[in-house]
Amino acid sequence: VLLLASVIFYAFCSPYFLIVISLIIIVSFWGAIFIDRKKNKNEKILLYIINFMIVILPLLFFKYSGFIADNVSFIFNNSSNYNSHNILNIIIPVGISYYTFQALSYIIDVRFGMTPEQNFWKFSLYMAFFPKILMGPIERAKKLIPQLNKSLTFSENNFVDGLKLILLGLFKKLVIADRISLYANAVFSNYEHNNGITLLVASLLYTVQLYADFSGYTDIALGSAALFGIKLTDNFKRPYFATSMTEFWRRWHITLTKWLTDYVFTSLVLKWRYWGKWGLISAVMITLIIIGIWHG
């Protein structure tokens with residue numbers, strides 16, 4: 001029932017997007033099983049690389065081909081009438097970054113010893129579960145799939161807690177973020193006609209808008225999942241109360257930061273440990289560059 005609901009929900013965005021996510025689900029599911037079955041190390045690594053590339057290619061094409069084309073054109077075209085929208089206009093499948101990162105983490109975990117899921121429909125629900133498919137959180141298979149394998153029963157406490165989270169998220173999004181956006185957008189769209197104080201106030205309010213918008217969606221996603229007795233990962237833990245930049249990134253978009261820490265930063269630090277301080281600095285820079293590219 002939840003898988004069918006997720007398919008219908010995603011089809012409302014566009015039925016054509018179902019082709020992309022279905023391809024990634026099929027390749028990830030069977031690829032992980034074949035990787036797990038391979039005993040020869042070289043064959044396992046080769047199959048892993050092929051599987052990894054097939055899964056990430058749609059993301060690179062849909063989301064970043066235009067991004068790359070825009071920047072290349074901007075570098076070689078300094079004319080004042082430059083318009084990035086004329087370069088390459090591709091409709092990006094909604095949520096492709098989130099479910100692609102989920103698929104990649106699953107493949108990586110299986111490559112390093114995790115037992116792959118044998119039930120195709122349970123894996124499909126892990127990938128396409130509707131509360132999280134549009135804007136996360138990015139869930140790990142080892143946390144979410146075991147919940148889907150349990151018998152789900154109605155719980156009044158879960159239902160009430162879920163509704164509370166949904167209402168909190170709607171308040172953040174509709175009452176706080178959308179109200180602030182009216183002021184902030186009006187200022188930023190005519191910044192040359194506003195003084196410094198007005199721009200400063202709009203900038204400060206925009207930070208509140210950004211948090212309320214994104215964390216509001218997360219609350220709605222967590223609340224929607226809680227209605228069915230499923231616990232998703234909280235993506236925000238009062239990030240503006242952080243006392244350092246490191247702590248801020250541990251509190252803001254937690255599942256993305258944790259994903260990059262586990263699969264990019266830690267791997268690079270271990271690989272470049274003989275470089276000492278420069279290895280650490282390089283790993284930090286690459287991780288933050290990926291975060292920047294993720295956000296466009």
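Using the six-membered ring where Trp is involved, Tyr106 and Tyr126 have ring planes that are tilted, between 30° and 60° apart. In this pair, Phe123 and Phe29 present their aromatic rings tilted. The plane angle is within the 30 to 60° band. Between Trp294 and Tyr98, the ring planes are perpendicular. Angles over 60° get that label, and only those under 30° would be called parallel.
Between the OG atom in Ser105 and the CZ atom in Arg140 there is a gap of 6.0 Å [rounded to 0.5 Å]. Note that the CE atom of Met114 and the CD1 atom of Ile35 stand 10.5 Å from one another [nearest 0.5 Å]. Between atom CD1 of residue Ile92 and atom OH of residue Tyr64 there is a gap of 8.5 Å, rounded to the nearest 0.5 Å. Atom CH2 in Trp252 sits 8.5 Å away from atom OH in Tyr211 (nearest 0.5 Å). The distance from the CH2 atom of Trp249 to the OG atom of Ser244 is 12.5 Å, given to the nearest 0.5 Å. Atoms OG and CD1, from Ser282 and Ile289 in turn, are 9.5 Å apart once rounded to the nearest 0.5 Å.
In this structure, Leu222 and Asp234 approach most closely via the heavy-atom pair CD2-CA, 3.7 Å. Contact between Ile24 and Ala103 at its shortest, heavy atoms only, is CG2-CB, 3.8 Å. When every heavy atom of Thr255 is checked against every heavy atom of Ile138, the shortest pair comes out as OG1-N, 3.1 Å. Between Leu47 and Lys38, the shortest heavy-atom contact is CD2-CG, 4.1 Å. The two residues Ala221 and Leu232 have their closest heavy-atom pair at O-CD1, 3.8 Å. Closest approach of Gln102 and Met127 over heavy atoms only: NE2-CA, 3.7 Å.
For Trp30, the CH2 atom counts as loosely surrounded, since its 6.0 Å shell holds 12 or fewer non-hydrogen atoms of other residues, nucleotides or ligands. The number of heavy-atom neighbours closer than 6.0 Å to CD of Gln118, taken from other residues, nucleotides and ligands shown, is above 12. Atom NZ of Lys143 has more than 12 heavy atoms from other residues, nucleotides or ligands within 6.0 Å. Within 6.0 Å of CZ in Phe241 there are 12 or fewer heavy atoms belonging to other residues, nucleotides or ligands. Atom CD1 of Ile197 sits in a sparse spot, with 12 or fewer heavy atoms from other residues, nucleotides or ligands closer than 6.0 Å.
Using a 4.5 Å heavy-atom cutoff, the side chains of Leu163 and Phe159 are in contact. Side-chain contact between Leu227 and Ile166 is present, with heavy atoms from C-beta onward closer than 4.5 Å. Side-chain contact between Ile96 and Phe17 is absent, with no heavy atoms from C-beta onward closer than 4.5 Å. Proximity of Val208 to Ile180: side-chain heavy atoms (C-beta onward) are separated by under 4.5 Å at one or more points. With a 4.5 Å cut-off on side-chain heavy atoms, Phe129 and Leu3 do not count as touching. Leu165 places none of its side-chain heavy atoms less than 4.5 Å from the side chain of Ile220. Counting heavy atoms from C-beta on, the side chains of Phe120 and Ile26 come closer than 4.5 Å. Here the side chains of Phe171 and Asp219 are not in contact, with every heavy-atom distance at 4.5 Å or above.
Checked against Leu125 for a side-chain contact (heavy atoms from CB on, under 4.5 Å), the options Ile25, Asn119, Leu148 give a single hit: Leu148. Just one residue in the list Leu288, Leu260, Leu280 forms a side-chain contact (heavy atoms from CB on, under 4.5 Å) with Phe265, and that residue is Leu280.
Tyr206 and Asn185 share no side-chain donor-acceptor pair at under 3.5 Å. Between the side chains of Thr198 and Asn195, at least one donor N or O sits under 3.5 Å from an acceptor N or O.
The hydrophobic cluster containing Phe52 also contains Ile45, counting ILVMFWY residues as joined when their side-chain heavy atoms lie under 4.5 angstrom apart, directly or transitively. Connection of Val55 to Leu60 is established within a shared hydrophobic cluster, with ILVMFWY side chains joined at heavy-atom distances below 4.5 Å, either directly or through further cluster members. Leu199 and Tyr183 fall within a single hydrophobic cluster, where Ile, Leu, Val, Met, Phe, Trp and Tyr side chains are chained together by heavy-atom contacts under 4.5 Å. Taking hydrophobic clusters as Ile, Leu, Val, Met, Phe, Trp and Tyr residues chained together by side-chain heavy-atom distances below 4.5 Å, Leu4 does not share a cluster with Ile133. No path of Ile, Leu, Val, Met, Phe, Trp and Tyr side chains, each step under 4.5 Å between heavy atoms, connects Ile254 with Leu144, placing them in separate hydrophobic clusters.
Remark: side-chain polar atoms of Ser181 are paired, donor with acceptor, to backbone N or O of Asp178 under 3.5 angstrom. Looking at Thr218, its side chain never comes within 3.5 Å of a backbone N or O of Asn235 through a donor-acceptor pair. Checking side-chain atoms of Trp259 against main-chain N and O of Phe101 turns up a donor-acceptor pair under 3.5 Å. Panel note: side chain Arg179, backbone Ile176; no donor-acceptor pair is recorded below 3.5 Å. Ser189 places a side-chain N or O within 3.5 Å of a backbone atom of Ala186 that can act as its donor or acceptor partner. Remark: side-chain polar atoms of Tyr217 are not paired, donor with acceptor, to backbone N or O of Leu170 under 3.5 angstrom. Side-chain atoms of Thr100 do not come within 3.5 Å of backbone N or O of Ser97 as any donor-acceptor pair. Using modelled atom types, no side-chain atom of Asn158 and backbone atom of Phe228 make a donor-acceptor pair closer than 3.5 Å.
Here ring-ring contact (aromatic ring centres under 6.0 Å, His included) pairs that include residues 269-289, with residues two or more places apart or in two chains, are Trp272-Trp275.
Here the two rings, on Tyr10 and Phe130, have centers that are 6.0 Å apart or farther.
Of the charged side-chain nitrogens involved, none lies within less than 4.0 Å of a carboxylate oxygen, so that Asp36 and Lys44 do not count as a salt-bridged pair. Using a cut-off of 4.0 Å between Lys/Arg side-chain N and Asp/Glu carboxylate O, Lys122 and Glu117 are scored as not salt-bridged.
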* To do: Any chance you could lay out the side chain to side chain contact (heavy atoms under 4.5 Å, CB included) test for Asp213 and Lys172, step after step, and finish with the verdict?
  => CA-CA 6 Å; Asp213 203 324; Lys172 286 180 179 178; over 6 Å; no
* To do: Assess whether side chain to side chain contact (heavy atoms under 4.5 Å, CB included) is satisfied between Ile107 and Phe112, documenting all intermediate values.
  => CA-CA 9 Å; Ile107 295 167; Phe112 289 101; over 6 Å; no
* **Step-by-step side chain to side chain contact (heavy atoms under 4.5 Å, CB included) determination, Tyr99 to Val20** => CA-CA 10 Å; Tyr99 59 74; Val20 179; 3.8 Å; yes
* List the steps, then state whether side chain to side chain contact (heavy atoms under 4.5 Å, CB included) holds for His295 with Leu256. => CA-CA 11 Å; His295 290 100; Leu256 173 63; 4.1 Å; yes
* **Test side chain to side chain donor-acceptor pair (under 3.5 Å) applied to Tyr263 and Asp109, step by step** => CA-CA 10 Å; Tyr263 298 113; Asp109 288 346; 2.8 Å; yes
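In terms of the salt bridge (Lys or Arg N to Asp or Glu O under 4.0 Å) criterion, residue partners of Arg251 (sequence neighbours excluded) are, by chain and number, Glu247.
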